[in-house]
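As the structure lists them, so they are numbered: ligands from 1, and atoms in each ligand from 1.
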Amino acid sequence: MNPQLDEAIRQRGKAFFASIRGESPSIFNKGFWTGKVMDWAMKNEGFKVQLFRFVDVLPYLTTSGNLSRHIEEYFAGGEAGDIPAVLKWGAEKSGLFGGVAAKLMGKAIRSNIEGMARQFIVGEQTKEAVKNLSKIRKDGFAFTVDLLGEATVSELESDAYRDGYLEVLDAIAAEQKSWKPFGAGTEGLDWGSAPKVNASIKPSALFSQASPMDFEGSVEGILARMRPVYRKIMAMGGAMCIDMEQLKYKDITIELFKRLRGESEFRDYPYLSIVLQAYMRETEHDIKDLIAWGRAEGLPFGLRLVKGAYWDYETVIAKQMGWPVPVWTRKPESDIAHEKLARLILENSDLVYFQCASHNIRTISNVMETAAELQIPENRYEFQALYGMAEPVRKGLLKVAGRVRLYCPYGELLPGMAYLVRRLLENTANESFLRLSFADGEAEDRLLENPQLTLERELAAAPPKPAEKASIDGLTAFRNEPLADFTVAELRKAFPEAIAQVRGEAGRVLPLRIGGKSVETDDRIPTVNPADPGEVLASVCQAGTAEVDAAIDAAEAAFPAWRDTSAKERAAIILKAAAIARRDIVALSATQVLEVGKQWGQAYNDVGEAIDFLEYYAREAVRLGSPKRMGREPGEKNHLFYEPKGVTAVIAPWNFPLAISVGMTAAAIVAGNTVVYKPSSLSSLTGYGMAEIFKEAGLPDGVFNYCPGRGSVMGDHLVEHPKVSTIAFTGSMETGLRIQEKAAKVQPGQAYCKKVIAEMGGKNAIIIDDDADLDEAILGVVYSAFGFQGQKCSACSRVIVVDSIYDKFVSRLTEACGSLRIGPSEDPENAMGPVVDPAQQKKVQEYLQVAHEEGQVLVERQTSGPGYYAPLVVVAGIRPEHRLAQEEVFGPILAVMKAESFDQALEWATSTRFALTGGVYSRSPRHLEKARREFRVGNLYLNRNCVGAMVGRQPFGGSRMSGVGSKSGGPDYLLQFMEPRVVTENTIRRGFTPIDEDDEWFE
Ligand SMILES: Cc1cc2nc3c(=O)[nH]c(=O)nc-3n(C[C@H](O)[C@H](O)[C@H](O)COP(=O)(O)OP(=O)(O)OC[C@H]3O[C@@H](n4cnc5c(N)ncnc54)[C@H](O)[C@@H]3O)c2cc1C
């Protein structure tokens, strides 16, 4: 940066500070409850976490008993440590449940927190909000009004959100005539350039089904509700700004902004703005793109530049999903970006009306001085601040710039809590300008420093980056394959292309592959698209018993050499297979979309999981491949090591057609076994894809044999074959139990006790506690129950809801289910597709009858069409003894059960013979703890959906009738395919004993 400009910025900043000396934002005012509590939160991280979580749950604590219990659970003792007296006293007293003191204290705490929340909003009711907006204008500030509410889970809620805007706008319209424009107003405009009425709008709330996967549908879905709002604003002569939310909506938002701005109805009206976030690495590109678009179209527009409100979310989600972190990760980098982007926008001020939204005096001063340097007319830029925050800054701004707009949220406190938590985080973050200047008393010079220098100093002081985590024998540590990221335009584009490619190859005959050779048989089964069963994707040769025998012989012949190949060499081939699957990930996903009706994202993540299994088990094989010394006594060497068992039969399901197939097969093979693989006849094309991957990876002939066949013809034969030592199965409980029975019987010539690893069914429940976050819980339940049409062993088929929240939950759930789009999975707008075949379809219809008999059907969505569509069903009134509470349907039927209490919900949740997955949505620490102990299932998920276990992070598998064997994707899985052996050598020769380094010996 030019040093003169930098000096001017710092001088400007100093003058700014001087003009507000001695003032402090109200949130830090220790004379009041909020200030005291904030002060404590900033000194005590544990307390801060508890406090913010408590603020989040508070609107749900509607009885005094519930409130007292939560106060106690959140604040009494524990990690939060010392607590401000006001809270502590309440917590201690709340031991006397129902006592007058506890009630009073609960009330006091609630009203203090509600007071804190009210500080950031202009009103809960329209009338109050409009009154306050008038007052704000009286004080000399312009406003932009925002209706609180972010998560809408149904179209009804999105309608309500739109209507909320229309309502407040009507109220403002009546009032605005009495507002005089600020400054030298022309045509009623503030400062000669800005409409008096200004609304900010969150796009995602306007369409409950918005998702990056369905880019086009999301843009149009949001626009459909945004247009009437903008139309009204235009009729009032107002302005609208489209807020920017999380990254997943960024490109959708930019696109809908362009469309709205360019529509013939609105083209000639220039008062539409968009927000961009400087913390996002891509923002410079986005701004340049918007400027180029605006110039090409001849469309001026407004741009609010913020740093960004979702920094914590974006970083954590990117880490969890395995995506590149999209935001700058050092605070000065965001400051630098804001300064750079502000200049870029100001340089284009003939086209773009700039809105600088920041409470940072350095950032603001930069805009002022850059605008001065570039001689930008004052009516081409303004400053903005959030209502209820940074009062000294906005006052100072009003003095020096005059043109200040306050962002004024209005609406009920309940949907406002997410907003409040973001504001509290923003105020108390270690690097927050407000905290540093008004709470921590950081020196002005530091606060006004050129962020480039701050960054350089930070980098110089940063400890060196730790090396990549320890590796196993030259292999890097395992990392999950990134999950599908449909914000990436290329991925969205690749799917239809890959689907067309699979279609282009339709009609092939798929041979068996035995001992490295292709074998065709006359018995063939077509594999079809369940959304359009007339579409035959391939014709699959079926193995009879003769081919099964040949495959087992080939596997047996290949076994000795493969067993004697080192674990490292075996792992290298499996890792090569992982690389091939990664290269072909979209093509492999497209096959599943067409063959089993998986939605794009679900299919992509299935292939990702397959890659994870390959990567994870390869490392596990190397880990287990070195003999381990047991004991350290001198004169004796004991080595424990593992050997493969022999021929493994892998019998795979269609619901995770690649992941589970690859998981079972790769585990067996990398451990040194050879495999005869029987895919499901409903997903043999996907299974063939696995055969192609292993072939290309260079597995020796006979190690893997692709052997699809009719279960009735060759299933038992494979299981009972005397040369099969291990059977890895995933599928229904009935088949799993039958396999165990058959495998237990020793056949003539059999040399092994057969090992059976069987993943079977589930009747999984999610509990909704009385304090559950329903925005999250409804989306989690809907996804768990209806994603891939409920055809996952982990799917949620029962939701057990605590009485006091039941009505609210059920009405929102019903609306959410009514809002899902149903249709072919190849169209990304559809959240639910067809079930896999007519048998599944029939089964679901039969259970629908049971639902009508046993409960009250709340939702029944029948879909017509050529595909195997089964109804989406939600049935209430189900009790533990009902069939719908006990029997696995494996389809889109969700049973709703009303429990009297959390304890009863827990008891019901575990009252089936299955124990696979489960979930709890609760914000009670004590209930969560209890669930950890007593909700006995293989995989329990707290406050999230109950599907989508990740290899290495959530090893997957259940107990009881849900399966036998150890969890897939976990550290014990491979051991099931191996025999442990121990060799002991006596190293003493006539009393002479060499002492080794690792012997236990005298010092
Ligand atoms: C009128 C108005 C409208 C707004 N509208 C939106 C909107 O539509 N969308 C939106 O997302 N936000 C919006 N915001 C919120 C805004 O993003 C925050 O208020 C703003 O980021 C705080 O920045 P600051 O310059 O005031 O404070 P500072 O304290 O200087 O900056 C804090 C910001 O720095 C960034 N940051 C913090 N830590 C790091 C780190 N380690 N690495 C990199 N960056 C870091 C974060 O963005 C954080 O918010 C709006 C704010 C205002 C005033």
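For atom 3 (C) of ligand 1, the nearest non-hydrogen atom from the set Arg304, Lys307, Glu245, Arg394 comes from Arg304. Closest heavy-atom approach to atom 52 (C) of ligand 1 within the set Leu447, Leu425, Leu386: this belongs to Leu386. Heavy-atom proximity to atom 25 (O) of ligand 1, evaluated over Ala278, Ala429, Ser358, is greatest for Ser358. Between His338, Met389, Lys331, Arg435, it is Lys331 that holds the heavy atom closest to atom 36 (N) of ligand 1.
Annotation for ligand 1: atoms under 4.0 Å from non-hydrogen atoms of Asn360 are 25 (O), 26 (O), 30 (O). Each of the following atoms of ligand 1 lies closer than 4.0 Å to a heavy atom of Ala357: 1 (C), 2 (C), 52 (C), 53 (C). Those atoms of ligand 1 with a heavy atom of Tyr310 less than 4.0 angstrom away are 11 (O). Distances below 4.0 Å separate heavy atoms of Asp243 from the following atoms of ligand 1: 8 (O). When each atom of ligand 1 is checked for a heavy atom of Tyr407 under 4.0 Å away, the hits are 1 (C), 3 (C). Atoms of ligand 1 lying under 4.0 Å from at least one heavy atom of Ser432, given by number and element, are 29 (O). Ligand-side atoms of ligand 1 in range of Tyr279: 47 (O), range being under 4.0 angstrom from any heavy atom.
Protein heavy atom closest to atom 8 (O) of ligand 1, with residue, atom name and distance, is Met244 N, 3.1 Å. Of the protein's non-hydrogen atoms, Glu426 OE2, 2.5 Å is the one closest to atom 19 (O) of ligand 1. Protein heavy atom nearest atom 44 (N) of ligand 1, with residue, atom name and distance: Ser334 OG, 2.6 Å. What sits closest to atom 26 (O) of ligand 1 on the protein, heavy atoms only, is His359 N, 2.7 Å. Nearest non-hydrogen protein atom to atom 47 (O) of ligand 1 is Gly308 O, 2.6 Å.
At a 4.0 Å heavy-atom cut-off, ligand 1 touches Gln277 through the side chain alone. Both the backbone and the side chain of Phe433 come within 4.0 Å of ligand 1, judged by heavy-atom distances. The residue Val327 has no part lying near ligand 1, judged by heavy-atom distances below 4.0 Å. Heavy atoms of Val275 found under 4.0 angstrom from ligand 1 belong exclusively to the side chain. Residue contacts with ligand 1, taken as heavy atom pairs separated by less than 4.0 Å, involve Val306 solely via side-chain atoms from C-beta onward. When heavy-atom distances to ligand 1 are checked against a 4.0 Å cut-off, Ala385 comes that close only through its backbone atoms N, CA, C and O. Counting heavy atoms under 4.0 Å from ligand 1, residue Arg405 does not touch it at all.
Counting only heavy atoms from C-beta outward, the side chains of Glu426 and Met389 approach each other to under 4.5 Å. Proximity of Arg380 to Pro377: side-chain heavy atoms (C-beta onward) are separated by under 4.5 Å at one or more points.
In this structure, Trp293 and Phe301 have tilted ring planes: the angle between them lies in the 30° to 60° band. Between Tyr407 and Tyr419, the angle of the ring planes stays under 30°, which puts this pair in the parallel group of the 30/60° scheme.
Without hydrogens or angle criteria, Asp6 side chain to Asn2 main chain gives no donor-acceptor distance under 3.5 Å. Between the side chain of Asp190 and the backbone N or O of Phe182, at least one donor-acceptor pair lies under 3.5 Å. For Trp40 (side chain) and Lys48 (main-chain N/O), no donor-acceptor pair under 3.5 Å exists by modelled atom type.
In this structure, Glu431 has a heavy atom closer than 4.0 Å to ligand 1.
For the 3.5 Å distance criterion, the side chains of Thr363 and Lys307 qualify, holding a donor opposite an acceptor. In this model, a donor atom of one side chain and an acceptor atom of the other lie less than 3.5 Å apart for Asn430 and Arg435. Ser200 and Asp146 form no side-chain donor-acceptor contact under 3.5 Å, judged by distance and modelled atom types alone.
For Lys399, the NZ atom is densely surrounded, since the number of other residues' heavy atoms within 6.0 Å is greater than 12. Other residues, nucleotides and ligands contribute at most 12 non-hydrogen atoms within 6.0 Å of the CZ atom of Arg53.
Of the polar atoms of Thr329, at least one N or O is found under 3.5 Å from an N or O of ligand 1, judged by distance alone.
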Could you check Ser218 against Asp214 for side-chain hydrogen bond (donor to acceptor under 3.5 Å, both in side chains), going step by step and ending with a plain yes or no? CA-CA 6 Å; Ser218 303; Asp214 180 23; 4.7 Å; no
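Note that Arg403 lies in the cation-pi zone of Tyr381, set by a 6.0 Å cut-off to the ring centre and a 45° limit from the axis. Stacking of Arg394 on the aromatic ring of Phe141 is recorded, both the 6.0 Å distance cut-off and the 45° axial limit being met.
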